[in-house]
Amino acid sequence: MKTINVILFGIGNVGSAIINQILQANDQVFNKQGFQINVPIIVNSSLAFYNSNSLGHNWETDFKNFSVPYKIEDIIKFVKHHELENLVAVDATASSNIVNSYLLLIENGFHIVAANKIANSLSYDFYAQLRNHIKAYNRKFYYSTNVGAGLPVLSTLRSLKESGDEVLKVRGVFSGSLSFLFNQLSEGERPFSNILKHARNLGYTEPDPRIDLSGQDVARKLLIIARELDLKFELEHIEVQSLVPKQLNGQTSLEQFNARVLELDCTIEQFVNAKSTNEVLRYVAELDVKEQQAKVKLITVSKNSNYGLLQGTNNLFEIYSKQYGNEPVSIVGAGAGREVTATGVLKDLVAIAQSIANVQSYF
Ligand SMILES: NC(=O)C1=CN([C@@H]2O[C@H](COP(=O)(O)OP(=O)(O)OC[C@H]3O[C@@H](n4cnc5c(N)ncnc54)[C@H](O)[C@@H]3O)[C@@H](O)[C@H]2O)C=CC1
Ligand SMILES: N[C@@H](CC=O)C(=O)O
C-alpha cells in the first residue's frame, strides 16, 4: 500500500472540504486502488497542526487545541525528520505567501497541487520558471481547479491540443460567484449587495470578493487558459471591466469596502436599468487565439439563451476548435463551491497517487 503525504495549506472553505473528503475516500475508494492519502500537517495563515500519521475526524478540535506558530522551514524539517515520502503540498489559500515557497518545496521533494490561481497568473517568466523547476526535480504540478473549480476544462483543452486539434476561441461565464449573483439578481427579489453577502457565506467568492467583482479572478482564469494554449500572455494583456464602484476601486480596505457595499447597488442598478425586460446580465470572458485578444466584461443576453438560462454557480465554457467548427465543445456545471472544488483537488491528488502506486487510469 503506497502512502501519499499531503501537507495542506489553507483550511477554509476548500481546505476543510478536502480534509473531510480524503477521510471519507481513504477507506471507501483509495485503499482499493492500492494507496491511501495521509494529511500529517495542516496550516492556516499563522498556525500549524502536526500529526506524523494523519488527521482524524476530530481534526478541527485538534487544530484548535494543539496548533502552533510555524515557518515553512519547520514543515520541511518535520517531513524530513519523520522520513515522510510521496509529499504533496496542497495550496488551498488565496495568498501569495505560499506561492513564494513553491520553488523551495519542490526542491525538498514536494509535488504541488494548487487551487490557488496566483502562481499561474504571475509573470510569464515565473510561470515558465515554475515549470522548469517541476521538470528539473521530476515533480508534478496539478491545478485543474484553477479554471471552473471541479469542471474538466483544462484537461479538455489539453486533450484537444495534444490530439492535434487547434483551439480557436474560448468564451463563457467563468466565475461561479458572479454567475450566482447575476442569475439571482434577475429573480428581482434582493439587492445585489445582499446576494453578494449570501455568496460569501456559501463560500463562492474569493476571501476578498473585490477579486471577483473587479474581474481579476476571471482575468486570471482567462490568462491561465491562454497560457495552456501556448500564448505568452501577461495579465495586462486582458481587457477587464471592473464592477467595483470607482470610489471603492482599490483605494479602500476590505473593511471600508464592506461598510460601503451598498454603493455597489447603485452601480449595478445602472446596468439593470439599461437592459430590456427579456434580457439578463452575464459577466463573460472571451479569448480569440488568432487575434490574440482577451476580454472580460458585463453583457446583456436573452433570458432564453444558453447564457441566460445558467442557474446557481454554473459556469459555461464554449471551446471553439478547427475540428468542432461552429459547434463548440461546451462544458457547463458548478464553477464554485467548497465541495465541488475539493473534489477537483482530490482528482489532482488521485492522479499523483495513481502514478506513484502504478495504478492504470482509464483516462
Ligand atoms: N471557493 C471556491 O469555490 C473556489 C476556490 N478556489 C480557490 O481556492 C482557494 C481557497 O479558497 P477558499 O477556501 O474559498 O478561501 P478561504 O478564505 O475560505 O480559505 C483560505 C484559507 O487559507 C488560509 N491562509 C491564508 N493565508 C495563508 C498563508 N499565508 N499560509 C497558509 N494559509 C493561509 C486562511 O487561513 C484560510 O484557512 C482560493 O485561492 C480560491 O481562488 C478555486 C476554485 C473554487
Ligand atoms: N471566486 C471564484 C471561485 C472559483 O474559482 C468564483 O467565483 O468563480
Side-chain angles (χ1 to χ4, degrees), residues 12-14 94 117 148-149 171-222 235 238-286 294-316 332 334-338 340-341:
N13 292 310
V14 174
K117 309 169 192 90
R171 74 188 303 265
V173 172
F174 296 0
S175 168
S177 54
L178 295 183
S179 183
F180 176 80
L181 282 160
F182 285 108
N183 69 57
Q184 291 292 307
L185 185 70
S186 56
E187 303 292 318
E189 307 292 319
R190 297 183 290 169
F192 192 81
S193 54
N194 180 277
I195 308 169
L196 176 64
K197 193 170 170 212
H198 192 196
R200 290 181 69 181
N201 294 340
L202 291 170
Y204 299 155
T205 70
E206 295 302 301
D208 180 346
R210 290 174 297 178
I211 301 287
D212 300 287
L213 294 167
S214 65
Q216 186 176 0
D217 182 67
V218 173
R220 283 173 173 166
K221 291 166 178 172
L222 197 56
L235 210 49
I238 300 176
E239 205 179 300
V240 180
Q241 178 184 357
S242 172
L243 302 178
V244 178
K246 283 193 175 26
Q247 68 275 20
L248 299 178
N249 206 356
Q251 308 309 319
T252 55
S253 68
L254 183 54
E255 291 65 35
Q256 289 167 327
F257 170 79
N258 289 338
R260 295 173 56 182
V261 72
L262 294 182
E263 295 175 39
L264 193 54
D265 292 337
C266 307
T267 305
I268 299 300
E269 196 60 30
Q270 292 166 19
F271 297 116
V272 172
N273 295 337
K275 69 175 184 62
S276 68
T277 50
N278 69 339
E279 290 179 321
V280 289
L281 295 168
R282 290 294 180 262
Y283 197 71
V284 301
E286 178 166 319
K295 291 181 184 165
V296 172
K297 58 188 174 184
L298 186 68
I299 63 171
T300 54
V301 295
S302 156
K303 277 181 180 170
N304 302 317
S305 66
N306 55 348
Y307 284 68
L309 292 169
L310 287 173
Q311 289 300 308
T313 64
N314 276 6
N315 283 185
L316 165 61
V332 182
R338 47 179 71 97
V340 292
T341 309

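Predicted model only: the values in this text are computed from it and were never measured. Only heavy atoms go into these numbers, but all of them, side chains included; no hydrogens, no water, no symmetry mates.
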Report yes if the side chains of [X] and [Y] come closer than 4.5 Å at any heavy-atom pair, otherwise no.
X: T267; Y: F192; answer: no
X: L281; Y: S186; answer: no
X: V301; Y: E279; answer: no
X: V173; Y: L178; answer: no

Which pair of non-hydrogen atoms, one from [X] and one from [Y], has the smallest distance, and what is that distance?
X: G337; Y: V340; value: O-CG2, 3.4 Å
X: A149; Y: G335; value: CB-O, 3.5 Å
X: S179; Y: N183; value: O-ND2, 2.7 Å

Set of side-chain contact (heavy atoms from CB on, under 4.5 Å) partners for E239, sequence neighbours left out: K295
Within residues 258-272 or reaching into it, pairs that qualify as salt bridge (Lys or Arg N to Asp or Glu O under 4.0 Å) - sequence neighbours excluded: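 Those involving residues 258-272 are R260-E263.
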Ring centre gap for H198 and Y204 strictly below 6.0 Å: no
Quiz: residues 211-219 side-chain donor-acceptor pairs under 3.5 angstrom, not counting sequence neighbours:
{"residue": "D212", "atom": "OD1", "partner": "S177", "partner atom": "OG", "Å": "3.3"}
{"residue": "D212", "atom": "OD2", "partner": "E206", "partner atom": "N", "Å": "2.7"}
{"residue": "S214", "atom": "OG", "partner": "R210", "partner atom": "O", "Å": "2.7"}
{"residue": "S214", "atom": "OG", "partner": "I211", "partner atom": "O", "Å": "3.4"}
{"residue": "S214", "atom": "OG", "partner": "Q216", "partner atom": "N", "Å": "3.3"}
{"residue": "D217", "atom": "OD1", "partner": "K117", "partner atom": "NZ", "Å": "2.8"}
{"residue": "D217", "atom": "OD2", "partner": "K221", "partner atom": "NZ", "Å": "2.8"}

Donor-acceptor pair, side chain of N258 and main chain of L254, under 3.5 angstrom: yes
